[in-house]
Each structure stands twice: as structure tokens, then as C-alpha cells.
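Quick note on labels: first sequence line is chain A, next is B, and so on, each numbered from 1. Keep in mind that what you see is a predicted model, and the values were worked out from it rather than measured.
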There are 2 protein chains.
Amino acid sequence: MNNGSTNPISAGLGAPAPLLGISFNSSKVACNNCRLRAHCMPASLSTHDLSSIHNLIGTRRRVMRGTALFHQGEKFASVYAIRSGFFKTCTASPEGREQITGFQMAGEMMGFDGIVNDKYACDAVALEDAEVCVMPLDGLVNLSRNMKVLQHHMHRIMSREIVREHGAMLMLGGTRARARLAAFLLNLVQRLHARGFSNSELILRMSREEIGNYLGLKLETVSRTFSMFGAASIVAVQKRHIHILNSAALQDIVNQTAFPRAGSGGSH
Amino acid sequence: MNNGSTNPISAGLGAPAPLLGISFNSSKVACNNCRLRAHCMPASLSTHDLSSIHNLIGTRRRVMRGTALFHQGEKFASVYAIRSGFFKTCTASPEGREQITGFQMAGEMMGFDGIVNDKYACDAVALEDAEVCVMPLDGLVNLSRNMKVLQHHMHRIMSREIVREHGAMLMLGGTRARARLAAFLLNLVQRLHARGFSNSELILRMSREEIGNYLGLKLETVSRTFSMFGAASIVAVQKRHIHILNSAALQDIVNQTAFPRAGSGGSH
DNA sequence: CGGGACGTTGACGGTCGTCAAAATTAGTGG
DNA sequence: CCACTAATTTTGACGACCGTCAACGTCCCG
């Protein structure tokens, strides 16, 4: 399976052509050139390891806005790293209610919830045209058997997902609308900032309804709360364009607007 | 606590205490005799594999009611399988609010949230005297490198935890108090039933306040809702002893009391 | 220009948080 | 065994917050 050279010669039949614009089918952007590597790959990897991983990533896949990368119940096979674009993941309860469980951006991974039952446990829908790296799980698993860093990295990613959801639960249980929306904005802008974007401006990729669904609020409440932030000059809101004017005030709202004294006392 | 010896010992988690009153090492119940094996181990294992795993589980550990198995922020080392007893896991937000992220019973595992940052991300507190199997992670990891079933099993467990939290989010976002409490009871009794207990009776190991915290409700609301269920003869409630009289009605409440039309197409 | 998706704003009412007090139980020491 | 305190649970009254219903404005696309 070792592929020593991925040089232009082997590509003579008109495959990769890394020189020019975008090539779809052939488009294997080498992982070691990917500027998102820090987000989805282990920190330190030998070039040899890196190319092993790179070879594993069979294809990339484009996902048009509004369409699903995978569906709840679909046979599980691969996990995905987002190269570009923005996703939501949502589950449907047996009785048909739908809950958005998270929003994912470039460098983040999706699909690990499919491992338990060999079926994806949620839909992953692109909120804007997107591109993902397809990572077949058995490939990853096999590779990780001889690559300790990779094995540990997989564990870390899943563990992180667990912790992330802890955070989401923290928000949903026992805070007011203001606090939820404030925390939501701060979280988004922080993740964007970690990817080189502004730490005060962002464009929402999702509708008010989707925000509300995620935060456990109705869309009208989301809208009203945005207006409130605007009136207080904490955030400038124009449709989906958000400008955080006073991030400290937002943080205060997160801190102060939790229901008071939820959990203290108690333990003996 | 009123024993002759000084208290710090029981509270201390520091050193692996060699020969105190309780001998940690001695009690090695062979995994292949453990009637909970089906819950925490892969389905099919050769006896050889099983004994490898068994050897890995260095110790068991007793946890007294009200004390913590591990604390948020503590250095991560092991995951734990519950042999007996009942736990809650709770995280504290930076601003000090506390959120219970789950209740765990015999056969379930805890600690995987510690992998990401090499620190436990939550407290695990025993709600009744308990006993756990200590499973050092690096041992598991090394073993799994040569034991494919185990490797896959670990992935499944973490994945299941992710999915479980999806479910919790589903409940916290967009349902009413009745629905949350009904779903909570049904979930508890179902898990207990899977362990050989009644499918209609249970004893709550946690206080009204803890239930409320978990469900995003105040303790008064929890109490009132219990009373409501009682008045409707759906559940007989006596303190913490719960008898489900009409499980179908409970299920109806879960289904019907979600906020209407949260996610589907809005035609009016 | 017209239709549809999305967002904003207003008015009203229900659910549940808040405050308060009483009831029941558990734990402790005499 | 019984008094005493602390913890937990229950119940009531009140009101804030947010869900509900409705109308309107905006933008996009055919």
C-alpha cells in the first residue's frame, strides 16, 4: 500500500494537475499542504505518516447548499472532515420533532455518531456549498493500529465531541434566551477567529429558525433578542451580518443571565 | 465518617493507598464471570482475549455515596465501568453554574470525556455507595491495537455517548416539563429493565433538584409535575419510589407535549 | 410584477421560575 | 424512645419570560 512517489510523472494520464485551478475528480489536495491540517490532524506527524493518511482519504466530495452529506439511518462507512463550507447536523426524534445538534465549519469533523449502530444518527446538511474529505472508517482504524498518534487523535476527536455536547446541554438547561444567544455568538466568532477570520464580525449561515431550534427557542424570540442586543449597542445586526460591538457585554450576559444559584449548596 | 481514623483518608484520591482497611487489589472479579459483561464488553470474545482484558483491569474501587470518583480538571488516566451503584456526572460552567450531564448505572462507562484535554471534563459523583472497575486508558489502547473487536468496541462506546447526548439535547430543546419528566422516567425504567429490574417500578437515586438540573427545570416544577402524574393516575409517586401505572400514557405525553410544528414545513 | 422564503414587530396568554411557608422525613444526641 | 435540627419535598400565589398567533416589511427569483 505504500506509495512512495506521488509525482507528476505517475499522473501523466491527465489526472491531478496541481498547477491549475480546481480539478474535481482528481482533486487530492495533499494533506500536508492543507492549511486546515492543524484542525483535523494530529499535531506532529512524520511526512511518511502524513502521506499514509493522505492516501487513505480516497476522495473529496462536494455538497451543494441545502443537500445532505449523509442522512440519519443511512449505512455508516466514513467520517468526514470539512474542507470548506458550513454544515448543520440534526436528528429527528421518533415522534418527528427535529433538533439541530450542532453547526460545523471548516476543519471540523462529522459522522462519528454513526459508529455505534453502524448507521448515521443524524443528517448532515450543507448550509452553503461545501466540500469534504471522505475518510473511510476501517481505513482509519487499520492505519491507527500501527500509528499511535492517529489512534489517540481519533479518541480525542470523539472525546471532544462529547465535551462539546456537554457544553450545549449546559446552555439548554437553565439559561435565558439572551444568555443562549450571546453564548452562541461568542462561540461562533471564537471558532471563526481560530480559523483566521475576524473576532468581531461574522455572517450567519443559518436562519433564525435554525438558530432557535438549536438553542431551544422560537424564531421570534431569536429575532427579538437580536433586536434587543442591537438596541443596547452590543451587537450590530443586519439580517445575517453580525458585528459584535461589545464582546465584554455579551460575556456578561452569558454570566449574569443564567438562572441564579442553580447548583450550589447541596452536597454534604 | 465517625470512624476512629481521621477523615482525610477517605476523601483523598491522591496515592494508590497500599494497605488500608479496604484492599483495592484483592477484589478482582473475573470479567468472564461478571454478569454485567454484556453491558461493557464486546459481544464475542475468545476466552484468551477476555483474560487479557481482565488482566488489564488493575483494580476496582469503592466510592461512597456523595463522594466523587473523579473531579473536573483532574488529570485523566482511566475510564471506569460501573459494577454497582449509581452516579451522576456534572460539569461546571466557567461562571460557576452546574449542569448534570447524565446519570449512570451499573454496566455503563464514564470518563471518556477526559481524553481530549487529558483532564476529566466533569465530576462523577456517586449517588449511592458504588463500586467501579478501573480501566487505564493506555492499557486499553495498547491492547486494542492487537484486538480488533476491542478497538471497535471503544469506538462504539464513545459514539454511543455522543448519540446519547444528542437525545438529551432533543429533550432540553423544545419540550415542556411534562414531556421531559415523562421521557426521563421512561428512559430510566427502560435501562433498569435491561438490567433485569422491573419495567414499571423504580427508586430514584437522585433528588428533585438533581432531576430538575438535568432536565432544565426547577425542583418545584419537577415536584409539581410528579404530583400531576399522580393525580392523573399515570404514575404512583411516594417520595423516591416510583410506580409507573400507565406507561402508554407517559409515552403519549412525550409525543404530544413537544411544542407543535417545530421543524417541519410551515404551511398555514 | 407576483409569489415565496425569511425576518421583524406587536399583542396576548400559558408555562414555569420565583418567593414563601408548611409538611414529611432523616439524622443526631440526650 | 424522644426531642431537636437539617434536609428534602410539597403546595400555593404571583409574575416574568417566552411561546403563540398575526400582520407586515424585505429580499430574491421567476
Closest nucleotide among C:dA20, C:dT15, D:dT9 to the B:Glu220 side chain:
C:dA20
Smallest separation among heavy atoms of A:Arg83 and A:Leu36, with atom names:
O-CD1, 3.2 Å
For A:Ile203 and C:dC6, give me the distance from atom CD1 to atom P, rounded to whole Å.
17 Å
Could you tell me how far apart B:Phe229 (CZ) and D:dT10 (P) are, to the nearest whole angstrom?
13 Å
By the 4.0 Å heavy-atom rule, please label B:Ser207 as base, sugar-phosphate, or nothing.
sugar-phosphate
Classify A:Gly216 by what it touches in the nucleic acid, base, sugar-phosphate, or nothing, heavy-atom distance under 4.0 Å.
sugar-phosphate
In whole angstroms, the gap separating C1' of C:dT8 from CD1 of A:Ile211 amounts to 14 Å
Atom-pair distance (CG on A:Leu219; P on C:dG10), nearest Å:
16 Å
Euclidean distance, atom CD of residue A:Glu210 to atom C1' of C:dG7 [Å, nearest integer]:
14 Å
Using ring centroids (six-membered ring only for Trp), state whether B:Tyr80 and B:Phe70 fall under 6.0 Å.
yes
Could you state the atom-to-atom distance from CG of B:Leu215 to C1' of C:dG17 in whole Å?
15 Å
Check whether any side-chain N or O of A:Ser227 sits under 4.0 Å from OP1 or OP2 of C:dT9, and answer yes or no.
yes
If I take atom CD in residue B:Gln238 and atom P in nucleotide D:dT10, what distance separates them, rounded to the nearest angstrom?
11 Å
Under 3.5 Å, is there a donor on one side chain and an acceptor on the other for B:His243 and B:Gln238?
no
Distance test, side-chain N/O of A:Thr221 to OP1/OP2 of D:dC18, below 4.0 Å:
no
Do B:His166 and A:Gln99 meet the criterion of a side-chain donor-acceptor pair at a distance under 3.5 Å?
no
For a quick check of understanding: with a heavy-atom distance under 4.0 Å over all strands, which category does B:Arg240 fall into, base, sugar-phosphate or nothing?
sugar-phosphate
Considering only heavy side-chain atoms of B:Arg224, the closest of D:dA13, D:dG19, D:dT10 is D:dA13
Between A:Thr225 (side chain) and A:Thr221 (backbone), is there a donor-acceptor pair under 3.5 Å?
yes
Could you please name the option among C:dG7, C:dG17, D:dT9 that lies closest to any side-chain atom of B:Arg208?
D:dT9
Could you check how far CZ of B:Phe226 sits from P of D:dT10, rounded to whole Å?
8 Å
